[in-house]
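Report on the following structure.
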Amino acid sequence: MIRAARSAAAVAVLAMTLLGGSLAPALGATASAAASAATVAATADPLAALRGQRPLWHPCASGPDDTAGAELDAAGADCTEVTVPLDYRRPGGPTLRIALARLPATDPAHRLGTLFYNPGGPGVPARSLALALRQAAPALGARYDIVGTDPRFVGASTPLDCGWPTAGPGAAGPDRLGFDRAAELAKDLAARCAPYRALLPHASTRNTARDLDLVRAVLGEPKVAYLGSSYGSYLGEVYLQLFPDRVGRAVFDAAMDPDRFGPDLTATQGPAMAAALTAWAAWAAGRDDRHHLGATTAEVLASVERVRLAAEHAPLTVGAHRVDARALPQVLWTVSAGDDGAAYEDFSALASVLLDAAEGRPAGPTPLLEAVLAGLASPDTGGYAAAQTAVMCADRAASRDPLAYYRDIQAHRADEPLFGPLTRNLTPCTFWPAEPAEAPTRVRNAVPVLLVGADGDPAATYPGQLSAHRALTGSRLVTLRGAFRHTVYAGLFAPRDTCVDAAVDRYLLDGVLPAQDTDCPSPRP
């Protein structure tokens with residue numbers, strides 16, 4: 001999960017305002033907004049006044065400690081805020097402020113337009129990551145104004161923070177007692193968001209897509225290009241469905257299944273995660289002299305199994321940390337960070353430490369393991385996990401029967417012993433204090449769009465990518481074969497692939513879609 005810094009003081013102010021019961025001021029419903037609402041009511045288009053806003057551009061840094069904002073400023077970015085309705089069914093009601101950054105095209109004489117970028121999440125601020133895109137893909141930055149928008153309730157966009165002491169319930173563990181503990185934690189996390197129940201139904205992807213279109217209108221762009229990765233691909237799918245005539249060229253990297261996205265999407269990820277782990281084990285087996293995990297794929301996987309069984313018996317001691325059955329699948333999830341030698345080397349060192357701990361040897365964490373364990377033990381600083389959960393709960397209703405999840409985990413104990421108790425576990429959505437305000441978006445259209453992804457993606461699974469491809473009948477799919485990485489373009493969050501990059505750049509820069517679905521060769525030896 002990508003993380004970005006945010007002022008704790010700003011979050012505290014918002015929390016106190018909301019808890020004090022004054023909803024409108026916390027949502028930016030100022031006197032000027034109320035006046036705008038009156039204007040809106042008098043027009044045929046209820047959003048006319050909001051579309052007519054004039055952005056007030058300003059430096060991005062919010063203060064001397066805002067390093068991300070300072071980097072945007074140094075790169076020539078402008079920042080602003082756009083007022084949007086909390087509830088688009090009531091455009092004259094409470095409002096939110098959506099923060100965005102715009103990086104002007106570095107070759108304005110050949111400018112193609114504006115490119116919206118969303119890096120995924122949900123719950124990830126996108127303003128500073130617009131700069132990461134321009135740095136990774138300078139050809140795009142030359143021809144497009146790149147716009148990164150912090151989605152509603154995230155980052156600088158009227159942030160929501162429920163004060164969670166942890167990011168989630170983790171895995172269910174090996175038995176009913178572990179599941180019941182996870183359920184109690186999920187219930188507690190949901191209860192901490194109850195003071196914001198008036199906001200929660202409006203955290204949906206549909207509303208974020210509407211926010212993007214309002215930003216488009218305020219920027220004066222008839223159409224925009226769009227690049228979304230991971231969850232950003234699902235946001236793009238919804239935007240394309242709601243506003244098909246507002247998109248010029250769109251690329252979805254690691255496309256999500258539009259018919260499954262929601263709190264239970266992770267239930268599809270267990271087999272893909274196991275395949276990614278097996279691919280790593282084959283690599284590690286060739287380096288047994290260094291990591292001592294086994295000389296064959298089967299031996300390496302057997303070492304991981306010994307770690308799992310030991311953690312289920314008693315927490316493993318790793319330096320100052322304790323790794324129990326709830327945390328272990330989350331730790332091993334880091335195998336999805338990449339499938340190149342550097343990522344595998346780091347993960348192999350991590351696995352060796354866990355094996356030492358499982359077999360009673362002294363075990364000190366590697367830098368990667370220390371970062372992972374410290375993150376799991378930390379509170380949800382900034383509210384990113386709560387915001388992510390709020391989006392998923394607002395997009396699709398979850399089962400309110402906790403035992404349905406336990407039965408599902410039990411049914412897959414044999415075939416998904418490691419990751420199933422994590423991917424199939426319940427979430428706070430089971431106890432969420434609000435219901436979705438709208439039905440899930442049914443994505444079915446023929447707008448041209450380019451899909452790119454790896455067939456071994458452990459998070460945006462390949463069956464889900466194929467489902468998106470079928471729903472978007474105007475799409476072309478470029479598949480990176482034999483790769484076990486999440487996202488594939490420009491090396492932003494996974495190893496770079498020149499074949500994928502060429503297909504994306506040719507479409508976004510020249511407007512040329514592949515004539516048919518194509519494959520890029522496996523990057524693995």
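What you see below is based on every heavy atom in this structure, not just the backbone, and it leaves out hydrogens, waters and symmetry mates.
Glu237 has no carboxylate O lying under 4.0 Å from a charged side-chain N of Arg206, or vice versa, which leaves the two without a salt bridge. Salt bridge status for Asp510 with Arg249: absent, with no side-chain N to carboxylate O gap under 4.0 Å. Taking the charged nitrogens against the carboxylate oxygens, Asp45 and Arg51 do have a contact shorter than 4.0 Å, which makes a salt bridge. Taking 4.0 Å as the cut-off between side-chain N and carboxylate O, Asp501 and Arg496 count as a salt-bridged pair. Salt bridge present: Glu221 and Arg111 bring a charged side-chain N and a carboxylate O closer than 4.0 Å.
In summary, the side chains of Thr441 and Arg444 do not present any donor paired with an acceptor at a separation below 3.5 Å, with no hydrogens or angles considered. Residues Arg127 and Thr149 bring no donor and acceptor atom of their side chains to less than 3.5 Å of each other. In this structure, a donor-acceptor pair under 3.5 Å is present between the side chains of Asp505 and Tyr489. For the residue pair Trp280/Ser348, the side-chain donor-acceptor check at 3.5 Å is satisfied.
With Gln53 contributing its side chain and Leu50 its backbone, the two residues share a donor-acceptor pair below 3.5 Å. A distance-only check finds a donor-acceptor pair linking the side chain of Tyr196 to the backbone of Asp161 [under 3.5 Å]. Side chain of Asp150 to backbone of Gly155: no donor-acceptor contact under 3.5 angstrom is found. In this structure a side-chain-to-backbone donor-acceptor pair under 3.5 Å is missing from Gln465 to Ala254. A donor-acceptor contact shorter than 3.5 Å links the side chain of Arg143 to the backbone of His110. No donor-acceptor pair under 3.5 Å is formed between the side chain of Thr427 and the backbone N or O of Pro263. Between the side chain of Asp87 and the backbone N or O of His202, no donor-acceptor pair lies under 3.5 Å. In this structure, the side chain of Ser233 does not engage the main chain of Ser229 through any donor-acceptor pair within 3.5 Å. Using a distance-only test at 3.5 Å, with no hydrogens or angles considered, a donor-acceptor pair links the side chain of Ser157 to the main chain of Ala99. Looking only at distances, no side-chain donor or acceptor of Arg396 sits under 3.5 Å from a matching main-chain atom of Met392.
By the 4.5 Å heavy-atom criterion applied to side chains, Leu227 and Phe116 are not counted as neighbours. Using a 4.5 Å heavy-atom cutoff, the side chains of Trp333 and Pro458 are not in contact. In this structure, the side chains of Pro119 and Tyr231 stay at 4.5 Å or more apart for every pair of heavy atoms. A 4.5 Å side-chain heavy-atom check between Asn445 and Leu240 finds at least one atom pair inside the cut-off. Contact of the His58 side chain with the Glu81 side chain is registered, since non-hydrogen atoms from C-beta on lie closer than 4.5 Å. Within the 4.5 Å cutoff, the side chain of Trp164 has heavy atoms near those of the Pro428 side chain. By the 4.5 Å heavy-atom criterion applied to side chains, Met273 and Ser336 are counted as neighbours. Side chains of Cys162 and Leu189 form no contact here, defined as non-hydrogen atoms less than 4.5 Å apart.
Listed here is the closest heavy atom pair of Arg216 and Asp213: NE-OD1, 2.8 Å. Here the closest heavy-atom approach between residue Gly123 and residue Tyr384 is recorded as O-CD2, 3.2 Å. Taking every heavy atom of both residues into account, Pro329 and Phe419 meet most closely at O-CE2, 3.7 Å. Contact record, Gly141 with Ile146: CA-CD1, 3.9 Å, taken as the closest heavy-atom pair. The heavy-atom pair separating Gln388 from Gly121 by the smallest distance is NE2-O, 3.2 Å. Of all heavy-atom pairs between His486 and Ser230, the closest is NE2-OG, 2.7 Å.
Listed by first and then second residue, the salt bridge (charged side-chain N to carboxylate O under 4.0 Å, His left out) pairs involving residues 222-236 amount to none (not counting sequence neighbours).
In this structure, Arg152 CZ and Thr205 OG1 are separated by 10.5 Å, a value rounded to the nearest 0.5 Å. Here the OG1-CG distance, from Thr334 to Leu369, works out to 8.0 Å after rounding to the nearest 0.5 Å. Interatomic distance, CG of Leu235 versus CG of Asp395, reported as 9.5 Å (0.5 Å rounding). Taking CG from Leu96 and OG1 from Thr83, the interatomic distance works out to 9.0 Å, rounded to the nearest 0.5 Å. Within the model, atoms CG of Leu480 and CG of Asp497 stand 4.5 Å from one another, a figure rounded to the nearest 0.5 Å. Here the CZ-CG distance, from Arg102 to Leu115, works out to 13.5 Å after rounding to the nearest 0.5 Å.
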Would you please test Ser467 and Asp259 for side-chain contact (heavy atoms from CB on, under 4.5 Å) and show each step? CA-CA 8 Å; Ser467 178; Asp259 294 331; 4.1 Å; yes
Tell me, with the steps shown, if Arg210 and Glu438 meet salt bridge (charged side-chain N to carboxylate O under 4.0 Å, His left out). CA-CA 13 Å; Arg210 291 165 174 145; Glu438 300 177 86; 2.8 Å; yes
Derivation of the side-chain contact (heavy atoms from CB on, under 4.5 Å) call for Val478 and Asp519: CA-CA 5 Å; Val478 175; Asp519 290 345; over 6 Å; no
Test side-chain contact (heavy atoms from CB on, under 4.5 Å) applied to Thr479 and Asp517, step by step: CA-CA 8 Å; Thr479 302; Asp517 295 346; over 6 Å; no
Decide yes or no on side-chain contact (heavy atoms from CB on, under 4.5 Å) for Tyr226 and Asn118, but give the supporting numbers first. CA-CA 8 Å; Tyr226 182 89; Asn118 185 280; 3.5 Å; yes
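The environment of Arg481 atom CZ is dense: over 12 non-hydrogen atoms of other residues, nucleotides or ligands sit within 6.0 angstrom.
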